[in-house]
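Letters go in sequence order (proteins before strands), and every chain restarts at 1.
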There are 2 protein chains.
Amino acid sequence: MATTRGRPSSFDRDAVLDKAIRLFWRRGYEGTSVRDLSEELGIGAPSIYNAFGDKRTFFAEVLRVYDEKYGGFIDAALAEERTAKEAAARVFAEAPTRYSRRGLPTGCLIISGDAGTADVTVATRLRRIREAKVAAFADKIRADLTSGELPADTDAQALARYTMSTLSGIAQAARDGVRRTELEHAARIALGAWP
Amino acid sequence: MATTRGRPSSFDRDAVLDKAIRLFWRRGYEGTSVRDLSEELGIGAPSIYNAFGDKRTFFAEVLRVYDEKYGGFIDAALAEERTAKEAAARVFAEAPTRYSRRGLPTGCLIISGDAGTADVTVATRLRRIREAKVAAFADKIRADLTSGELPADTDAQALARYTMSTLSGIAQAARDGVRRTELEHAARIALGAWP
DNA sequence: TTCGTTTTGTAACGGCCGTTAGAGAAAGGA
DNA sequence: TCCTTTCTCTAACGGCCGTTACAAAACGAA
């Protein structure tokens with residue numbers, strides 16, 4: 001596989017991938033052209049195709065690495081916090097910072113990356129990732145239901161949907177340029193809806 | 001102005017405009033090409049330019065009429081309900097239906113119409129409309145603050161931001177194909193965050 | 001009929017889209 | 001040195017983008 005023969009690559013693959021993540025993050029899948037990528041990454045289009053495959057394949061890898069490097073705070077909260085409500089509290093506390101960091105694009109690639117995209121393959125992939133996060137939250141809520149941590153009449157799916165929808169609304173507000181403190185105040189209110 | 005001379009128009013301007021609204025609503029500004037419009041409306045591109053101006057001008061008119069015909073339920077709630085909380089309750093109650101109506105595109109044109117759009121003129125116009133609705137909600141909240149209808153320590157701007165952000169999150173969930181009943185349950189939870 | 005006015009259909013403009021063929025460059029192995 | 005392998009660069013492909021020039025068509029007015 002990774003033979004050492006042939007002409008060596010002229011760029012650092014990881015560094016270039018990170019630049020691509022930021023560009024897709026900023027402009028979305030369809031708003032980012034291969035020419036844009038070529039200029040931003042400083043490598044020719046054929047080199048992109050050689051190193052990352054076509055645009056869809058490239059974007060799939062971008063999504064995977066983005067989720068690891070930048071977007072994984074939801075999964076972390078679900079895994080590390082004891083209760084679903086504590087996970088929600090942590091997510092709502094962290095989100096405003098995550099969605100408006102200095103030196104990084106605003107908002108969330110997984111939430112808005114497919115916006116206005118005609119490509120159903122890309123849109124479906126992103127939608128599935130989003131749905132998976134709602135399902136993971138609902139699972140955590142159901143665990144707290146059986147343990148009595150949450151009221152028995154709680155609708156787990158609806159509460160998970162509410163949480164992730166509000167989160168995506170906050171991400172969109174961040175994209176609109178709303179100041180971080182205002183996002184934090186809104187997120188604090190959002191947590192108040194939890195039982 | 002509306003002279004009766006010259007060759008008569010071959011289409012009903014209002015009917016064609018409504019078709020354009022639905023197409024922009026479904027695919028967004030950038031995802032809708034002039035060729036798409038030409039096919040969907042059943043008229044040639046030159047006729048579109050003659051009747052509605054260029055694409056940006058056309059979209060501006062589409063936005064105006066959309067807000068009147070389909071999107072105005074927020075303004076109506078703010079105008080007709082006595083308190084801000086009653087307006088929020090009505091908006092959260094109506095939104096799931098508004099955002100997933102049979103025979104109409106899902107979601108909201110004003111919320112997602114500029115998604116993935118490079119055109120800053122269009123994006124700014126939509127952002128301003130959204131900000132205006134947040135500001136209107138904040139005004140209504142402040143009125144209830146001075147009248148004692150809401151607790152004195154309420155952050156009007158944050159509560160308005162929370163409400164509109166959650167609403168846009170629900171609209172995005174509708175675009176993702178979430179069932180209306182689930183949206184309604186999530187919206188009911190959202191209202192619970194209000195003081 | 002003839003004229004002026006407005007809308008229509010055809011056809012094209014330059015420009016960007018994703019993608020790739022083909023030639024040359026730069027490395028290791030023999 | 002020469003060969004194989006791999007990457008890079010130039011250049012182009014067909015296709016869609018928004019937009020418009022131009023001429024034919026269809027009306028009211030004269």
Note to self: Rounded at 0.5 Å granularity, tell me how far CD in B:E149 sits from CD in B:E86.
What the structure shows: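 So the gap between those two atoms works out to 7.0 Å.
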
Notebook entry, point to check: Which residue lies toward the 5' end of DNA chain D, B:E30 or A:N50, if each is placed at its nearest nucleotide?
Noted result: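 On the 5' side of the pair lies A:N50.
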
Can you confirm whether the side chains of [X] and [Y] place a donor and an acceptor under 3.5 Å from each other?
X: B:Y162; Y: B:D155; answer: no
X: A:T163; Y: A:W194; answer: yes
X: B:D114; Y: B:T117; answer: no

At 4.0 Å (heavy atoms only), tell me whether [X] reaches a base, stays on the sugar-phosphate, or touches nothing.
X: A:P46; value: base
X: A:F58; value: nothing
X: B:T32; value: sugar-phosphate

Interatomic distance, [X] [atom1] vs [N] [atom2] [rounded to whole Å]:
X: B:Y49; N: D:dG18; atom1: OH; atom2: P; result: 7 Å
X: A:L37; N: C:dG18; atom1: CG; atom2: P; result: 8 Å
X: A:I43; N: D:dT10; atom1: CD1; atom2: C1'; result: 16 Å
X: B:D54; N: D:dC17; atom1: CG; atom2: C1'; result: 14 Å
X: A:F59; N: C:dC17; atom1: CZ; atom2: P; result: 17 Å
X: B:F52; N: D:dT19; atom1: CZ; atom2: C1'; result: 17 Å
X: B:I48; N: C:dT10; atom1: CD1; atom2: C1'; result: 15 Å
X: A:F11; N: D:dT6; atom1: CZ; atom2: C1'; result: 12 Å

Of the nucleotides [options], which one has an atom closest to the side chain of [X]?
X: A:P8; options: C:dA27, D:dA26, C:dT7; answer: C:dA27
X: A:R5; options: C:dG29, D:dC7, D:dC17; answer: C:dG29
X: B:R7; options: D:dT19, D:dA26, C:dG24; answer: D:dA26
X: A:D36; options: C:dT19, D:dT20, C:dC17; answer: C:dC17
X: B:S9; options: C:dT19, C:dT7, D:dT19; answer: C:dT7

Note to self: Looking at every non-hydrogen atom in both residues, tell me the closest pair between B:Y49 and B:D54 and how far apart they are.
What the structure shows: CE2-CA, 3.6 Å

Next item on the list: Let me know, please, whether B:R35 or B:S10 comes out on the 5' side of the other along DNA chain C by nearest nucleotide.
Entry: B:S10

Item checked: 5'-most by nearest nucleotide on DNA chain C - A:K55 or B:A45 -> B:A45

Check: Phosphate oxygens OP1/OP2 of D:dC16: is one of them under 4.0 Å from a side-chain N or O of B:S33?
Finding: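 B:S33 to D:dC16 OP1/OP2: no side-chain N or O under 4.0 Å.
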
